[in-house]
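Position 1 is the first residue of the sequence, and the numbers go up from there.
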Amino acid sequence: MSDTHAAAAPDTEVVARVRGATKNYPGVTALDRADFDVRAGEVRALLGRNGAGKSTLIRLLSGVETPDEGTIEVNGLPLGQGGIRRATELGVGTVHQELSLVPELSAAENLYLGSWPKGHGRIDYGAMKAGAEKIFTELGVDISPDARVGELPLAQQQLVEIARALRARPRLLILDEPTSALAAAEAETVLEAVTRVAGRGVGAIYVSHRLDEIRRVADTVTVMRDGAVVETVPVRGATTDRIVSLMLGEGAKKKETVPHRRVPTAKTPLLSVRDLTVPPKVEKVSFDLRPGEVLGLGGLMGSGRTELLRALAGFTPSQGTVEVDGSPVAHLDPRTMRGLGVGITPEDRKKEGVVPLLGVSENMIMTWFGGASRAGTVLPSRVSSLGRDLIDRLSIKAARTDSPIVNLSGGNQQKAVIGRWLHAGSRILLLDEPTRGVDVEAKAQIYGIVRELAEQGAAVLFVSSELEELPLVCDRVLTLRGGRLQGEFTGDDITLDNIMAAAMAA
């Protein structure tokens with residue numbers, strides 16, 4: 001496939017037009033007087049950091065929400081207050097980041113979900129199958145209409161999602177991070193499909209942080225920052241440095257420094273990783289993590305961050321060599337790694353990090369009951385005492401040690417999850433998005449906890465998709481892109497510009 005398909009001519013029909021769109025939420029302006037056009041046959045990439053306004057713009061165009069000010073037109077007609085139904089009628093199809101397929105149904109049934117063709121009062125499965133075959137042929141993909149979706153590879157499931165959006169013959173197709181969960185080889189089939197769709201005159205908005213994909217599939221790229229449309233430029237000739245500069249703005253050019261950033265002196269790493277591979281998301285990753293070090297791992301969505309951490313904690317099968325304290329780990333499983341002093345805070349705190357209705361203390365001591373039990377019996381008084389010590393040490397705001405953890409703020413819940421591994425005596429902490437969903441004050445407190453743990457000799461692997469926080473807490477930063485390490489930064493080179501450029505570089 002060529003780097004980009006033929007760009008839509010300037011006089012090509014505009015299929016979507018946004019003028020002066022503003023959207024406010026309590027305490028924040030998510031979209032600020034945005035102007036935005038997409039033409040027939042054009043693939044427009046949409047780029048911006050988290051919170052830049054991309055998702056808000058997509059929600060407005062797809063009818064999920066309406067702007068507080070401004071207008072939106074599709075095919076020359078106002079979208080108004082008609083919502084999703086009106087957007088669909090005007091020709092907007094949306095492929096959301098999370099798959100919304102029913103695994104137990106066939107590909108054809110998913111394509112026609114909610115609008116099955118009928119004959120004589122019954123579902124016409126023949127017509128459904130024929131319609132699905134036609135759409136798959138137009139997409140250039142080989143998927144059986146009878147295939148059970150849950151048994152298809154992830155890339156083909158994504159293509160079924162795209163095919164479902166195309167069934168209504170949209171004039172505008174919105175794709176929100178369609179390849180974020182796919183490896184590079186799998187993503188190729190999705191890119192080919194998008195190019196084919198645009199070739200039929202459909203305008204497309206393609207949201208992605210993967211610049212190599214954008215260069216292959218898009219004609220133009222619109223960069224957003226702080227709720228505003230900053231600039232739209234042709235993809236051809238737009239350098240990575242130029243795009244990163246537009247995304248960050250001049251305010252981010254200053255170097256961020258961490259007080260007391262340190263260079264570990266220990267000769268033997270606490271954790272040594274060589275050629276770690278987690279098919280198909282992570283490939284031949286190698287690094288060392290020493291006592292007293294906070295090592296940042298930055299990467300955009302789909303880069304393989306979480307898969308890498310879960311493999312190191314023993315939850316995901318992997319290949320390669322892992323050593324702890326200079327000794328190879330023979331069996332990389334959760335029990336072994338926990339016994340070696342490895343603790344992990346999961347990316348999804350609500351689903352995997354806490355037991356909502358258990359008390360704060362119970363959540364923090366559940367990994368190791370040894371200090372809270374006698375003769376095999378857990379003593380409530382000891383649970384409460386240990387919990388109170390951790391609550392005080394981590395400045396967790398909780399009225400009682402037995403208060404259900406679900407009643408705490410997100411920041412206090414996160415501190416409690418970290419506290420669990422302090423209680424267990426973990427020396428190697430794998431922190432996956434430790435500040436996601438917490439306020440500014442809680443973030444600063446978590447940074448302080450992480451730095452204090454490192455000063456006490458722990459080794460911390462700090463993973464974040466909010467790349468701007470890595471210079472604030474890390475001694476060294478690695479960047480991950482497409483499952484491979486792409487850059488390493490130390491000292492004054494740990495800047496947001498450098499990290500972002502390495503994470504996005506095509």
Classify the side-chain pair [X]/[Y] by whether it contains a donor and acceptor separated by less than 3.5 Å.
X: Thr277; Y: Glu283; result: no
X: Arg44; Y: Thr220; result: yes
X: Glu161; Y: Gln157; result: no
X: Glu469; Y: Thr435; result: yes
X: Ser395; Y: Gln445; result: no
X: Arg310; Y: Ser318; result: no

Minimum heavy-atom separation for [X] and [Y], please, with both atom names.
X: Val160; Y: Leu152; answer: CG2-CD1, 4.0 Å
X: Met504; Y: Leu211; answer: O-CB, 3.1 Å
X: Ile446; Y: Pro434; answer: CD1-O, 3.5 Å
X: Gly483; Y: Val285; answer: O-CG2, 3.7 Å
X: Leu431; Y: Thr345; answer: CA-OG1, 3.3 Å
X: Leu312; Y: Leu332; answer: O-CD1, 4.2 Å

Given Arg216 and Asp212, is the salt bridge (charged side-chain N to carboxylate O under 4.0 Å, His left out) satisfied, shown in steps? CA-CA 6 Å; Arg216 292 173 68 82; Asp212 52 346; over 6 Å; no
Enter the distance from [X]:[atom1] to [Y]:[atom2] here, rounded to the nearest 0.5 Å.
X: Asp176; Y: Arg59; atom1: CG; atom2: CZ; answer: 10.0 Å
X: Cys474; Y: Arg451; atom1: SG; atom2: CZ; answer: 8.0 Å
X: Ser303; Y: Leu480; atom1: OG; atom2: CG; answer: 4.5 Å

Between [X] and [Y], is there a donor-acceptor pair closer than 3.5 Å when you use the side chain of the first and the backbone of the second?
X: Arg225; Y: Gly48; result: no
X: Ser426; Y: Leu422; result: no
X: Asn363; Y: Ile405; result: no
X: Asn110; Y: Val102; result: yes
X: Gln456; Y: Leu453; result: no
X: Asp475; Y: Val294; result: yes
X: Lys415; Y: Ile449; result: no
X: Asp432; Y: Pro346; result: no
X: Glu293; Y: Arg290; result: yes
X: Trp421; Y: Ile344; result: yes

With Ser106, which residues qualify under side chain to side chain contact (heavy atoms under 4.5 Å, CB included), at least two apart? Ala108, Glu109
Is there a side-chain contact between Met364 and Ile396 (heavy atoms, below 4.5 Å)? yes
With a 4.5 Å heavy-atom cut-off, do Thr401 and Val360 have their side chains touching? no
Run the salt bridge (charged side-chain N to carboxylate O under 4.0 Å, His left out) test on Glu433 and Arg305 for me, step by step, so that the C-alpha distance in whole Å, both residues' side-chain angles and the decisive distance to 0.1 Å come before the verdict. CA-CA 10 Å; Glu433 301 283 6; Arg305 306 178 315 253; 3.1 Å; yes
Side chain to side chain donor-acceptor pair (under 3.5 Å) evaluation trace for Gln158 with Thr179: CA-CA 8 Å; Gln158 185 67 72; Thr179 62; over 6 Å; no
As a quick check of understanding, evaluate side chain to side chain donor-acceptor pair (under 3.5 Å) for Ser465 and Arg49, giving each step before the final call. CA-CA 10 Å; Ser465 58; Arg49 294 159 62 186; over 6 Å; no
I'd like to know if [X] pairs up with [Y] as an ion pair, taking the criterion as any Lys NZ or Arg NE/NH1/NH2 lying under 4.0 Å from an Asp or Glu carboxylate oxygen.
X: Glu466; Y: Arg436; value: no
X: Asp288; Y: Arg476; value: no
X: Glu231; Y: Arg242; value: yes
X: Asp389; Y: Arg393; value: no
X: Asp325; Y: Arg427; value: yes

Does the pair Met224 and Leu47 meet the rule for a side chain to side chain contact (heavy atoms under 4.5 Å, CB included), with working shown? CA-CA 6 Å; Met224 299 187 69; Leu47 274 175; over 6 Å; no
